[in-house]
There are 2 protein chains.
Amino acid sequence: MLNDISRFRRFSRAVTSEVGALDTSFLGRGRPLGAARVLNAIGQGRTDVAAIRAYLALDSGLMSRLLRSLEEEKLIELTADPEDARKRRAVLTPAGEAEFSVYEQLSNERAEKLLGTHAHPQALLEAMDLIASALDRNRWSFEEVDPRSQTARYCLEEYYAELDRRFEGGFQVSLSADPDAESMMRPKGVFFVTMSDGLPVGCVGLKGTDKGYAEIKRLWVSPAARGLGLARKLMAKTEEAAREIGIKVLRLDTNKALPEAVNFYRKEGWTEIDRFNDDPYPDFFFEKIL
Amino acid sequence: MLNDISRFRRFSRAVTSEVGALDTSFLGRGRPLGAARVLNAIGQGRTDVAAIRAYLALDSGLMSRLLRSLEEEKLIELTADPEDARKRRAVLTPAGEAEFSVYEQLSNERAEKLLGTHAHPQALLEAMDLIASALDRNRWSFEEVDPRSQTARYCLEEYYAELDRRFEGGFQVSLSADPDAESMMRPKGVFFVTMSDGLPVGCVGLKGTDKGYAEIKRLWVSPAARGLGLARKLMAKTEEAAREIGIKVLRLDTNKALPEAVNFYRKEGWTEIDRFNDDPYPDFFFEKIL
DNA sequence: TGATTTACCTGACTTTAGTCAGATAAAATG
DNA sequence: CATTTTATCTGACTAAAGTCAGGTAAATCA
């Protein structure tokens, strides 16, 4: 009925009025939108004036005045950065915290109102994750983390759950050769998590071994972030780290229930090799010389 | 990882920056945003000054000035409404059409850019339809149309395709008792389509018969609009129309592969009755006395 | 038909946002 | 230590958005 572009633009219109409504709801507190945005940026934990300026794309003069107006309202306190007295750091006063939480409440109420009246809020949220991930694709951050950290565990659990859904007969980590955390941390290996505005959307582990090669493990991309080239970026990061560590040979294994993964490795220049372990799950084995 | 509200707000942030970027792209034409918005409202076919004012939530004074600035640019022409000379109607001049289409092009390019770089644009569009439908739920319009019209045919094709996916052994309209168009139009019956900002999201037919009852046929709600109470509204519209026509008894049939439909009819006060036709598809038969 | 309402216009105003050229002081550089 | 760079501030602006109290002419009402 509507073509693709019309559908996109219908979405834009719907969302513009929703976002506009959020903006105007921020005006109910007797403060211009600019000041409210700065207050919220500080409330979110941004303390560096320069960082806030970059985040909100504000002119330095305008920023200076907005900060002063919040200071005069006694909502924030500005102090010189102890390391560099040219820089200024902004923190909320208790009154500022209270005011910030009112804005938080306004945002949360809008969210609850929309989600609460929908019979399938999870489907709605998945759709939102998909769109947010697509829009945010140029702001991914790749973080090297402990594979036991909260973000890493979140990714791994999502990964295991997907394998369990897709493998014939399911998947149990305990039956698989689960690498211990140290083998996926420096100096042996690494573990990367990709964050997209607070949501982990992908991960990959590089597991060092004493057999003359390292293994790629737990390459996972969230359903919301598929089709955006994230797997390739994660692999590039990992290969870069492998070179730093001094690794020359990379190996990995995968399962026939994951045809897009098998395809991906072939396309990315991996060579199929013979089985090199006795893990019960994999059907395919690949190698890449760095 | 993120809770529901945080996910919603991540979506809002992503979309705010996208919408902001669209807004600023509108500034490349040397015209303030307010004037650009009015020009676009007129280009979309809104001619009534009052309607544009309501749509854009503008003060009458501001509106008046914006219209004049567009008039001075010779992009629009203002004429008195022939039926009520107090009212003014705005239409684009040829130059205005050209300028409007530049804005259209800017919007379309943004849409193409995002969709074109995604490996699964259809999934993205489905997500957008879902969200747009949820946000637009308070602006549904219910239109009584010819079941052979383009919008009706679109709904029916979507409906048949879904039955074909869900019925064991598929679904073929030709095997079913396909009602002829006249039986679903006044004075015998009606056919309603629900529009959500240009996209048909649901339909229902009321088929008059000469057997002392009328039948509810082709009740369909788009996947994007499920969970928003649309089926109930469509049924209410249909019952209202049935009363107008003078129908006292409503009947319908449905299939065991559509358990949510069976549930819905039970919940909405329909009584299960014996088979009343020899259509090969239905398993359940219901009746409602008006 | 006179009074009232409606739809839009005009003028005078304020607020907000944004720009830009210096000024200032701390830090980094040679 | 003088010079340059960096981070922020200040003052003097402009443009855009928005507000509000009348004003005008057409339509509607009593």
Side-chain angles (χ1 to χ4, degrees), chain A residues 16 19-21 23-42 46-73 75-91, chain B residues 16-17 19-42 46-73 75-91:
Chain A
T16 302
V19 165
D23 276 2
T24 56
S25 83
F26 274 11
L27 294 174
R29 309 245 81 220
R31 193 173 293 113
L33 197 55
R37 296 212 306 151
V38 172
L39 181 68
N40 276 284
I42 298 169
R46 281 170 233 265
T47 51
D48 256 45
V49 167
I52 298 167
R53 224 148 66 66
Y55 174 64
L56 298 175
L58 291 174
D59 172 86
S60 74
L62 185 50
M63 178 70 183
S64 185
R65 275 175 261 269
L66 291 172
L67 284 173
R68 181 124 24 79
S69 81
L70 290 171
E71 206 180 15
E72 276 164 14
E73 280 194 86
L75 299 176
I76 63 167
E77 265 168 20
L78 290 164
T79 53
D81 184 324
E83 314 232 303
D84 183 343
R86 288 171 306 182
K87 292 184 185 168
R88 303 259 267 161
R89 323 189 112 252
V91 283
Chain B
T16 302
S17 65
V19 165
L22 183 64
D23 277 0
T24 57
S25 84
F26 274 11
L27 295 175
R29 308 246 80 221
R31 192 173 293 112
L33 197 56
R37 296 212 307 150
V38 172
L39 181 66
N40 276 284
I42 299 168
R46 280 171 234 265
T47 51
D48 256 44
V49 168
I52 298 167
R53 223 148 67 65
Y55 174 63
L56 299 175
L58 291 174
D59 173 85
S60 75
L62 185 50
M63 178 70 184
S64 185
R65 275 175 262 268
L66 291 172
L67 284 173
R68 181 125 23 80
S69 80
L70 291 171
E71 205 180 17
E72 277 164 15
E73 280 193 87
L75 299 176
I76 62 168
E77 264 169 20
L78 290 164
T79 53
D81 184 323
E83 314 233 299
D84 183 342
R86 288 171 306 179
K87 290 185 188 171
R88 302 260 266 157
R89 322 188 115 255
V91 283

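Numbered from 1 within each chain, the chains take letters A, B, ... in sequence-line order. Just so we're clear, the structure is a prediction, and the values are computed from it rather than from any experiment. When reading the values below, keep in mind they use all heavy atoms of this one structure, side chains included, and skip hydrogens, waters and symmetry mates.
Take A:R68 and apply the salt bridge (Lys or Arg N to Asp or Glu O under 4.0 Å) test, not counting sequence neighbours, and it matches no residue.
In terms of heavy-atom proximity, B:D59 sits nearest to B:R53 at C-NH1, 3.9 Å. Across all non-hydrogen atoms, the minimal contact from B:I52 to B:I42 is CD1-CG1, 3.6 Å. A pairwise comparison of heavy atoms in B:L70 and B:A35 identifies CD1-O, 3.8 Å as the closest pair. Nearest approach of A:A41 to A:L56, heavy atoms of both residues: CB-CD1, 4.3 Å.
Under 4.0 Å is where a charged nitrogen must lie from a carboxylate oxygen, and between A:D48 and A:R89 at least one such pair does.
The interatomic distance linking A:R53 (CZ) with D:dT8 (C1') rounds to 8 Å, in whole Å. Here the C1' atom of nucleotide D:dA7 and the CZ atom of A:R68 are 15 Å apart, to the nearest Å. We find that CE of B:M63 is positioned 18 Å from P of D:dA16, with the value rounded to whole Å. Distance CZ (B:R89) to P (C:dC8): 11 Å, rounded to an integer number of Å. D:dC9 atom C1' lies 12 Å from atom CD of A:E71, rounded to whole Å. Note: CD1 (B:I52) to C1' (C:dC9) measures 16 Å, nearest angstrom. The distance from atom CZ of B:R31 to atom P of D:dA17 is 12 Å, rounded to the nearest whole Å. Taking atom CZ of residue B:F26 and atom P of nucleotide D:dA17, one finds them 14 Å apart after rounding to whole Å.
Between B:D59 and A:L62, the residue whose closest nucleotide on DNA chain C is further toward the 5' end is B:D59. Residue B:L66 is the one, among B:S60 and B:L66, whose nearest nucleotide of DNA chain D lies closer to the 5' end (criterion: closest heavy atom).
Between D:dA12, D:dC9, C:dC9, one nucleotide has an atom nearer to the side chain of A:L67 than all others, and that is D:dC9. With D:dG18, C:dA17, C:dC9 as the candidates, the nucleotide lying closest to the side chain of B:L58 is D:dG18. Residue B:V49 places its side chain closer to C:dC8 than to any other of D:dC20, C:dT19, C:dC8. The side chain of B:K87 has C:dC8 as its nearest neighbour among C:dC8, D:dT19, D:dT10. In this structure, the nucleotide among C:dG18, D:dG11, D:dT19 sitting nearest to the side chain of B:R65 is D:dT19. Among the nucleotides D:dC9, C:dG11, C:dT19, the one closest to any side-chain atom of A:S64 is D:dC9.
Annotation: cation-pi geometry satisfied between B:R46 and B:Y55 (NZ/CZ under 6.0 angstrom from ring centroid, within 45° of ring axis).
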### Task
Scan nucleotides 25-30 of chain C nucleotide by nucleotide, 5' to 3', and note B when protein non-hydrogen atoms come under 4.0 Å of the base, S if they reach only the sugar-phosphate, - if neither.
-BS---
